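Because the structure is a prediction, the values reported are computed rather than measured. So you know, we letter chains A, B, ... as the sequences are listed, proteins then strands, and number each from 1.
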Amino acid sequence: MPELPEVETIARGLRDLVIGRTVRRARVGLRKMTVAPAGVNFSRALAGEAITGVGRRGKYIVMQLTSGRSLVTSLRMTGRLVFQRTARSPHPYTHVRIDFEDDSRLCFADSRQFGRMRLVEPGEPWAEALGIEPLSEHFTPQRFIGMLSGRRVPVKVFLLDQRRIAGIGNIYACEALWEAGIRPTTQAKALTKPAIRRLHTALVDVLNRAIEMRGTSVDDYVDADGLRGGFQNELSVYGRHGKACVRCGRPLVRTVLAQRGTWWCTRCQHK
DNA sequence: AGGCGTACCTGAGGGC
DNA sequence: TGCCCTCAGGTACGCC
């Protein structure tokens, strides 16, 4: 499932592929996959727009348009944004097609139909509820200590809360906790300052390494060119229950926390 | 407000 | 082999 490194990889790829292209026509196959401001028709509004920039906020891909509007895409679990240079059959499960004037095309595909493409008015505060960017200069160890203090939730649940830190999902939460030697169930407020510092370092480190490897492809994820990432070969714990911990050799376990699979080492993660 | 449960979906994989 | 059942999980939303 696309998390920060995967979304960042897609956004970077799209930057070279779609900036400067003008939409000839947008076609919506499944209505619920799109959201537009009241009184605005999604496809009609897109026609004639050119894409001027591509960015990322949390797990959202943000494309800037000439009108000042933005096209914000949430891939959720199985969503894909795949660019096609020439006319051919759309990517499987394509629900929104954005055809450009030069016959290239951007497909928004999603087998489970959880993803959303949203047209946002200039200045509309669509990301108000999103927390801090973990790779920004604002995410300091000191800030992290402050964020966690007094919070009774298990630290892993905290990491997954997009209102606190934006972009971390199940894979990188599990990986960072392992790297920092912290038990996923430990209450946020019970973490010592050294443990929080280790977790801070681990988060930044694992996200950066994953971006370098162009993301993790455990199942569906591909980048804007349809290529898989490489970080699935670097995973230490995610999806590896029963396999030996690469640090201590003990079999890794899978438990469930907040309705989500959680992979960890009962020996190495004891703080 | 914060925290929790649930709906949304369908492909994959296990059991028999 | 093939059918049936369950599971996976990010986010929005409703409720207490």
Show the atom names and distances, to 0.1 Å, of all donor-acceptor pairs under 3.5 Å that link a side chain in residues 251-259 of chain A to residues at least two apart or in another chain.
from   : atom 1 : to     : atom 2 : distance (Å)
A:T255 : OG1    : A:W264 : NE1    : 3.0

List the atom pairs, donor and acceptor, that lie under 3.5 Å between side-chain atoms in residues 161-168 of chain A and the rest of the protein, sequence neighbours left out.
from   : atom 1 : to     : atom 2 : distance (Å)
A:D161 : OD1    : A:R163 : N      : 3.0
A:D161 : OD1    : A:R163 : NE     : 3.0
A:D161 : OD2    : A:R163 : NH2    : 3.0
A:Q162 : OE1    : A:G167 : N      : 2.8
A:Q162 : NE2    : A:L160 : O      : 3.1
A:Q162 : NE2    : A:I168 : O      : 2.9

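Listed by first and then second residue, the salt bridge (charged side-chain N to carboxylate O under 4.0 Å, His left out) pairs involving residues 258-271 of chain A amount to none (not counting sequence neighbours). Legend: salt bridge (charged side-chain N to carboxylate O under 4.0 Å, His left out) pairs involving residues 122-132 of chain A, not counting sequence neighbours, sorted by first then second residue: A:R118-A:E124. Applying the salt bridge (charged side-chain N to carboxylate O under 4.0 Å, His left out) rule to pairs touching residues 25-34 of chain A yields A:R27-A:D99, sequence neighbours excluded. Residue pairs meeting the salt bridge (charged side-chain N to carboxylate O under 4.0 Å, His left out) criterion with at least one member in residues 43-65 of chain A, sequence neighbours excluded, are A:E8-A:R56, A:R56-A:E133, A:R57-A:E133. Screening residues 184-207 of chain A for side chain to side chain donor-acceptor pair (under 3.5 Å), with sequence neighbours left out, gives A:D205-A:R209.
Chaining together hydrophobic side chains whose heavy atoms lie under 4.5 Å apart places A:W126 alongside A:Y60, A:V62, A:V72, A:V120, A:L130.
Judged by distance alone, the side chains of A:R183 and A:H270 never bring a donor and an acceptor atom under 3.5 Å apart. A:D223 and A:T9 share no side-chain donor-acceptor pair at under 3.5 Å.
A:W126 comes within 4.0 angstrom of no nucleic acid atom, judged by non-hydrogen atoms across all strands. Within the 4.0 angstrom heavy-atom criterion, only backbone atoms of the sugar-phosphate kind lie near A:R151; the bases stay farther away. Within 4.0 Å of A:G115, counting heavy atoms only, lies no atom of the nucleic acid at all. Among the protein residues, A:Y172 comes within range of no part of the nucleic acid, since none of its heavy atoms lies under 4.0 Å from any strand. Within 4.0 Å of A:Y93, counting heavy atoms only, lie sugar-phosphate atoms of the nucleic acid but no base atom.
If you walk DNA chain B from 5' to 3' and mark each nucleotide with an atom closer than 4.0 Å to a heavy atom of chain A, the marks span B:dG3 to B:dG11.
Counting to the nearest Å, the P atom of C:dC7 and the NE2 atom of A:H241 are 14 Å from each other.
Helix-axis bend for the helix from B:dG2-C:dC16 to B:dC16-C:dG2: the local axis fitted to the five terminal pairs at one end deviates from that at the other end by 40°, rounded to 10°.
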Going 5' to 3' along nucleotides 10-15 of chain C, which nucleotides have protein heavy atoms under 4.0 Å from the base (write B), which only from the sugar-phosphate (write S), and which from neither (write -)? BBS---

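For A:R24, the salt bridge (Lys or Arg N to Asp or Glu O under 4.0 Å) partners are A:D103, not counting sequence neighbours.
In this structure, A:R254 reaches the C:dA8 phosphate: one of its side-chain N or O atoms is under 4.0 Å from OP1 or OP2.
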